[in-house]
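Structure, as structure tokens:
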Amino acid sequence: MNRATFRPHERINRPEDFRRAFDRRRSASDDALIVYGTENGKDHPRLGISVGRKRIRKATDRNRVKRLIREAFRLNKTELPAGVDLVVVPRHGSLTFVQVSRSLPHLARAVAGRLARDRGRPPRDRDRDRPAGATP
RNA sequence: CGUGGCGGGCGGAUGACCGCCUCGGGGCCCAAGGCCGAGCGAUCGGCUGUCGGGAACGUCCUGGGGAGGAAAGUCCGGACUCCGUAGGGCGCGAUGGUGGGUAACGCCCACCGCCCGGCCCGGCGACGGGUCGGGUAGGGAAAGUGCAACAGAAAGUAAACCGCCUCCCUGGCCUCCCGGCUGGGGAGGUAAGGGUGAAACGGUGAGGUAAGAGCUCACCAGCAGGCCGGGCGACCGGCCUGGCUCGGCAAACCCCAUCGGGAGCAAGACCAAAUAAGGGGGCAGCGUUUUUGCCGAUUCGUCGGCCGGAACCGCGGGUCGGCCCGGCCCGCCACCGACUCCCGGGUAGGUCGCUUGAGGCGCCGGGCAACCGGCGUCCUAGAGAAAUGGUCAUCCGAGGGCCACUCGGCCCCUCGACAGAAUCCGGCUUAUCGCCCGCCACGAACC
RNA sequence: GCGGGAGUAGCUCAGGGGUAGAGCACCACGUUGCCAACGUGGUUGUCGUGGGUUCAAAUCCCAUCUCCCGCU
């Protein structure tokens with residue numbers, strides 16, 4: 001029975017894991033959120049939240065946004081794809097719970113779909129995508 | 001009752017379901033220890049594990065606790081930690097009435113002085129006295145150096161632009177004469193009047209004079225010195241004398257007094273992991289004295305050389321962070337290296353520090369107060385990509401709408417400020433919807 | 001969390017008590033058949049914000065806001 005909880009092992013808290021998700025360069029977004037994703041080799045999804053001080057100025061608002069995203073992750077866990085690390089970046093500070101809980105599963109599935117398509121083909125190496133000397 | 005100002009307090013409540021962090025208890029599930037093995041190592045694997053009573057992760061059940069008055073800005077002061085020994089001088093920075101409070105402060109309390117405003121009283125006037133409210137970074141300007149644009153004659157031991165007055169020279173007009181009126185030039189007197197300015201070297205009233213002036217007199221204000229009285233003190237009150245006036249700015253330099261070693265929990269301690277080379281810069285005695293040993297010479301007294309040690313002097317580097325002296329440590333013939341400085345490179349995990357403290361609340365006592373003392377009682381966040389939340393309902397408060405339009409009602413909408421602990425305290429400053437309490441002022445109604 | 005620095009014209013910066021400038025940019029005129037370049041003249045400012053000291057503040061003092069940099 002998969003209850004609606006949020007345990008420490010479901011949380012991304014190491015800088016290298018965040019870096020891996022950003023460097024994979026697979027994301028989906030809408031008006032509220034940007035979601036980066038990458039495979040994590042586990043049987044459950046993990047959540048990381050990255051909120052910059054530039055985008056959301058006040059510490060209170062940053063904390064509130066993180067709580068909303070965590071809550072949306074927890075309550076919609078059954079809707080989310082397994083084995084994926086999700087790094088969520090909010091676009092602005094005036095989000096509502098309804099907005100986030102509608103948006104997060106949708107975007108997460110979109111990212112998981114892209115990752116699955118990549119697995120069909122050989123894994124895209126960034127160095128091969130942009131060979132040295134071909135920088136725009 | 002309303003409005004405004006000042007000061008203080010509170011910082012929505014209750015419930016349901018689902019969650020988060022932390023501390024404790026229990027289950028799934030016997031750890032430590034011992035032996036063997038692997039590994040550089042933290043550690044890991046296997047076997048054993050009496051008595052005794054049970055470690056961590058994960059998971060389930062259960063109980064307790066879980067943001068602020070500013071947690072904020074980081075503007076001050078401490079605690080604590082490390083570097084260190086801080087001894088002296090210079091420099092730099094901060095503070096600045098007095099007394100008290102405090103661990104300390106640039107904070108707080110009380111008082112003093114000064115300034116501003118209102119009202120009342122006295123005087124012809126200059127001005128003085130009383131009272132209420134508000135403000136105040138408020139040591140020293142007769143230690144010294146400076147500054148004051150423009151305007152103005154002059155901006156500080158000086159000064160004559162327009163004026164006013166006297167004398168001399170000279171022109172014109174009137175007149176019989178005496179003389180009068182008016183103009184020009186020169187020498188001097190004069191700070192009363194005009195005008196400039198933020199500010200112009202006391203003010204009022206009188207005398208005096210060619211005109212004037214503290215030139216003289218009375219009073220008023222102010223300054224300096226002395227004496228007496230009161231107060232712990234800042235200072236206050238009174239009397240006498242003096243020259244008669246001696247200005248402003250130290251949030252200008254400065255002087256005086258007091259205080260200040262530097263860095264900060266990303267302090268710091270331990271464990272694990274990783275590593276690195278390379279490049280550039282810097283640098284000083286074959287000193288003197290003494291001594292153990294060895295070698296050589298010897299007239300057996302000693303002399304010379306080599307290795308090493310010690311003391312003193314000198315030099316270089318470090319400690320020390322702005323400088324110098326002093327102290328301490330290291331090095332000094334090697335031009336290689338070492339050392340040291342800079343550049344470059346690697347690591348980014350864990351445990352501790354980590355929350356009980358100048359602590360909160362209540363009562364009593366001291367004090368005008370800030371605050372202090374005694375007794376009792378309570379334990380009250382410790383995260384780390386960082387917990388304290390989400391949804392719903394009811395209530396509370398505010399605003400709007402509708403019905404009433406007299407009290408009000410409907411419960412139809414919207415909103416509930418500023419803001420999130422990060423080592424911990426004491427202050428300051430800034431942000432803040434609304435409600436409550438106290439004081440003051442004004443207005444209205446009633447008695 | 002801690003420690004530093006800076007806000008002046010549209011942009012880059014001077015000025016550190018006496019009423020704000022330089023370069024670039026912009027505008028007008030001249031030059032040219034036209035444009036550029038060049039020449040002449042001109043415009044542009046709550047000196048980030050609010051208080052205080054002073055006769056006088058961009059400048060000195062205090063508070064505040066914004067931005068930037070460094071430290072494991």
Side-chain angles (χ1 to χ4, degrees):
Chain A
M1 178 58 213
N2 200 356
R3 296 194 317 157
T5 59
F6 186 54
R7 298 291 184 188
H9 67 273
E10 297 173 294
R11 175 176 297 206
I12 303 174
N13 54 13
R14 294 162 64 90
E16 58 197 75
D17 290 338
F18 277 88
R19 191 110 304 279
R20 203 157 48 85
F22 284 125
D23 286 349
R24 192 71 167 73
R25 304 191 74 79
R26 292 294 170 267
S27 69
S29 67
D30 59 12
D31 292 346
L33 305 174
I34 309 170
V35 176
Y36 292 85
T38 187
E39 300 88 342
N40 62 11
K42 296 177 169 45
D43 58 352
H44 57 80
R46 294 199 303 170
L47 176 69
I49 308 169
S50 179
V51 185
R53 201 172 106 86
K54 278 230 172 86
R55 209 182 284 270
I56 300 174
R57 185 59 60 86
K58 290 192 279 189
T60 341
D61 294 343
R62 283 198 300 278
N63 285 344
R64 173 161 178 81
V65 164
K66 287 192 220 170
R67 285 179 194 131
L68 290 175
I69 293 170
R70 274 204 309 273
E71 200 70 9
F73 177 86
R74 166 176 94 75
L75 294 172
N76 294 296
K77 244 193 314 189
T78 53
E79 312 259 328
L80 295 173
V84 175
D85 272 2
L86 300 168
V87 173
V88 179
V89 179
R91 282 194 186 273
H92 54 87
S94 55
L95 297 171
T96 64
F97 175 73
V98 176
Q99 206 178 350
V100 175
S101 65
R102 194 172 298 149
S103 161
L104 181 65
H106 179 75
L107 294 174
R109 279 196 301 272
V111 169
R114 290 197 188 188
L115 292 169
R117 272 200 302 282
D118 284 352
R119 262 195 302 278
R121 290 175 291 182
R124 302 218 308 173
D125 194 319
R126 283 207 298 140
D127 289 340
R128 217 186 314 156
D129 267 3
R130 287 186 290 134
T135 336

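The sequence lines fix the lettering, A, B, ..., with proteins before strands; numbering per chain opens at 1.
For the pair A/V100 and A/A72, the tightest heavy-atom approach, listed with the atom from each and the gap, is CG1-CB, 3.6 Å.
Spacing between B/rC235 and B/rA79 at atom C1', rounded to whole Å, works out to 40 Å. Taking atom C1' on both nucleotides, B/rA210 is separated from B/rU170 by 23 Å, rounded to a whole Å. Across the C1' atoms, B/rG316 and B/rG84 are found 24 Å apart, a figure rounded to whole Å. Comparing B/rA422 with B/rG365, their C1' atoms sit 42 Å apart, to the nearest whole Å. Annotation: B/rG66 and B/rA417 have their P atoms spaced 22 Å apart (nearest Å). Taking atom P on both nucleotides, B/rG384 is separated from B/rC17 by 29 Å, rounded to a whole Å. The gap from the P atom of B/rG382 to that of B/rA387 amounts to 15 Å, rounded to the nearest Å. B/rU204 and B/rG140 have their P atoms separated by 31 Å, given to the nearest Å.
In terms of the salt bridge (Lys or Arg N to Asp or Glu O under 4.0 Å) criterion, residue partners of A/R109 (sequence neighbours excluded) are, by chain and number, A/E79. Partners of A/D85 by salt bridge (Lys or Arg N to Asp or Glu O under 4.0 Å), not counting sequence neighbours, listed by chain and number: A/R20, A/R46. Residues satisfying the side chain to side chain donor-acceptor pair (under 3.5 Å) test with A/N63, not counting sequence neighbours, are none. Residues that satisfy the side chain to side chain contact (heavy atoms under 4.5 Å, CB included) test with A/V88, not counting sequence neighbours, are A/L33, A/V35, A/L47, A/I69, A/L104. The side chain to side chain contact (heavy atoms under 4.5 Å, CB included) check on A/L75 picks up A/A4, A/E71, A/F97, with sequence neighbours excluded. Taking the side chain to side chain donor-acceptor pair (under 3.5 Å) definition, one finds that A/H92 meets it with A/S94, sequence neighbours left out. When the side chain to side chain donor-acceptor pair (under 3.5 Å) test is applied to A/S101, no partner is found at least two apart in sequence or on another chain.
The pairing partner recorded for B/rU85 is none, the criterion being a Watson-Crick or G-U wobble arrangement whose two distances lie under 3.5 angstrom. With a cut-off of 3.5 Å on both Watson-Crick or G-U wobble distances, the partner of B/rC239 is given as B/rG226. Nucleotide B/rG233 is matched to nothing when pairs are restricted to Watson-Crick or G-U wobble geometry with both distances under 3.5 angstrom. When both pairing distances are held under 3.5 Å, B/rC368 makes no Watson-Crick or G-U pair with any nucleotide shown. Across all strands shown, B/rA103 forms no Watson-Crick or G-U wobble pair with both distances under 3.5 Å. Pairing partner, B/rG408: B/rC403, with both Watson-Crick or wobble hydrogen-bond distances short of 3.5 Å. B/rA42 makes up no base pair with any nucleotide shown, lacking Watson-Crick or G-U wobble contacts both under 3.5 Å. In this structure B/rC244 sits in no base pair that meets the Watson-Crick or G-U test at under 3.5 Å.
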Could you go over nucleotides 66-69 of chain C and give all protein N or O partners under 3.5 Å, atom names and distances?
unit_1	atom_1	unit_2	atom_2	d
C/rC67	OP1	A/R57	NH1	3.3
C/rC67	OP1	A/R57	NH2	2.9

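You'll find that the side chain of A/S50 is closest to B/rA385, out of B/rA386, B/rA385, B/rG390. Taking the side chain of A/L68 as heavy atoms from C-beta on, and the options B/rG390, B/rA385, B/rA421, the nearest nucleotide is B/rG390.
With hydrogens and angles ignored, a donor-acceptor pair under 3.5 angstrom links the side chain of A/R74 to the base of B/rC18. Taking 3.5 Å as the limit, the base of B/rG19 and the side chain of A/E71 contain no donor-acceptor pair of atoms between them.
The CZ atom of A/R64 sits 11.5 Å away from the CD1 atom of A/I56 when rounded to the nearest 0.5 Å. Rounded to the nearest 0.5 Å, atoms CD1 (A/I34) and CZ (A/R91) are 4.0 Å apart.
More than 90° away from 0 lies the glycosidic angle of B/rU204, which makes this nucleotide anti. Glycosidic torsion of B/rG416 falls outside 90° of 0, placing the base in anti. Glycosidic conformation, C/rG16: syn, with the torsion inside 90° of 0. In textbook terms, a nucleotide whose glycosidic angle is within 90° of 0 is syn, and B/rG214 is one such case. B/rA67 takes the syn form, because its glycosidic angle lies no more than 90° either side of 0.
For the pair A/K58 NZ and B/rA70 C1', the interatomic distance rounds to 15 Å; values are reported in whole Å. Nucleotide B/rA383 holds its C1' atom 15 Å from the CZ atom of A/F6, rounded to whole Å. What separates CD1 of A/I69 from P of B/rG389 is a distance of 17 Å, to the nearest Å. In this structure, the CG atom of A/N76 is 13 Å from the C1' atom of B/rC18, given to the nearest Å. What separates CD of A/E10 from P of B/rG58 is a distance of 12 Å, to the nearest Å. The distance between atom CZ of A/R62 and atom C1' of B/rA67, rounded to the nearest whole Å, is 16 Å. Between the NZ atom of A/K66 and the C1' atom of B/rC21 there is a distance of 15 Å, rounded to whole Å. Look at CG on A/L47: it is 14 Å from P on B/rC20, rounded to the nearest Å.
A salt bridge links A/E39 with A/R24; the closest basic N to acidic carboxylate O contact falls under 4.0 Å.
Cluster membership check: A/Y36 does not share its hydrophobic cluster with A/I49, using side-chain heavy-atom separations under 4.5 Å among Ile, Leu, Val, Met, Phe, Trp and Tyr.
In this model, the phosphate group of B/rA386 is approached by a side-chain N or O of A/R11 to a distance below 4.0 Å at OP1 or OP2. Considering only side-chain N and O atoms, A/R64 lies under 4.0 angstrom from the phosphate OP1 or OP2 of B/rG390. Here A/T60 does not reach the OP1 or OP2 of B/rA419: none of its side-chain N or O atoms lies under 4.0 Å away.
Stacking between A/F18 and B/rA385 is present: the aromatic ring centre lies within less than 5.5 angstrom of the base six-membered ring centre, and the two planes differ by under 30 degrees.
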Given the rule in the side-chain contact (heavy atoms from CB on, under 4.5 Å) test, do A/R70 and A/R11 qualify, once you have shown the distances and angles that lead to the verdict?
CA-CA 10 Å; A/R70 274 204 309 273; A/R11 175 176 297 206; 3.6 Å; yes
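When each of A/T96 and A/D61 is assigned the nucleotide of RNA chain B bearing its nearest heavy atom, the one mapping closer to the 5' terminus is A/T96. With the nearest nucleotide of RNA chain B identified for both A/R67 and A/N63, A/R67 has the one nearer the 5' end.
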Can you run through RNA chain C from 5' to 3' and write each base as (, ), [, ], | or . depending on how it pairs? Watson-Crick or G-U wobble, both distances under 3.5 Å.
((((((((.[[[[.)..(..]]]].(((((.......))))).....[[[[[..)....]]]]]))))))).
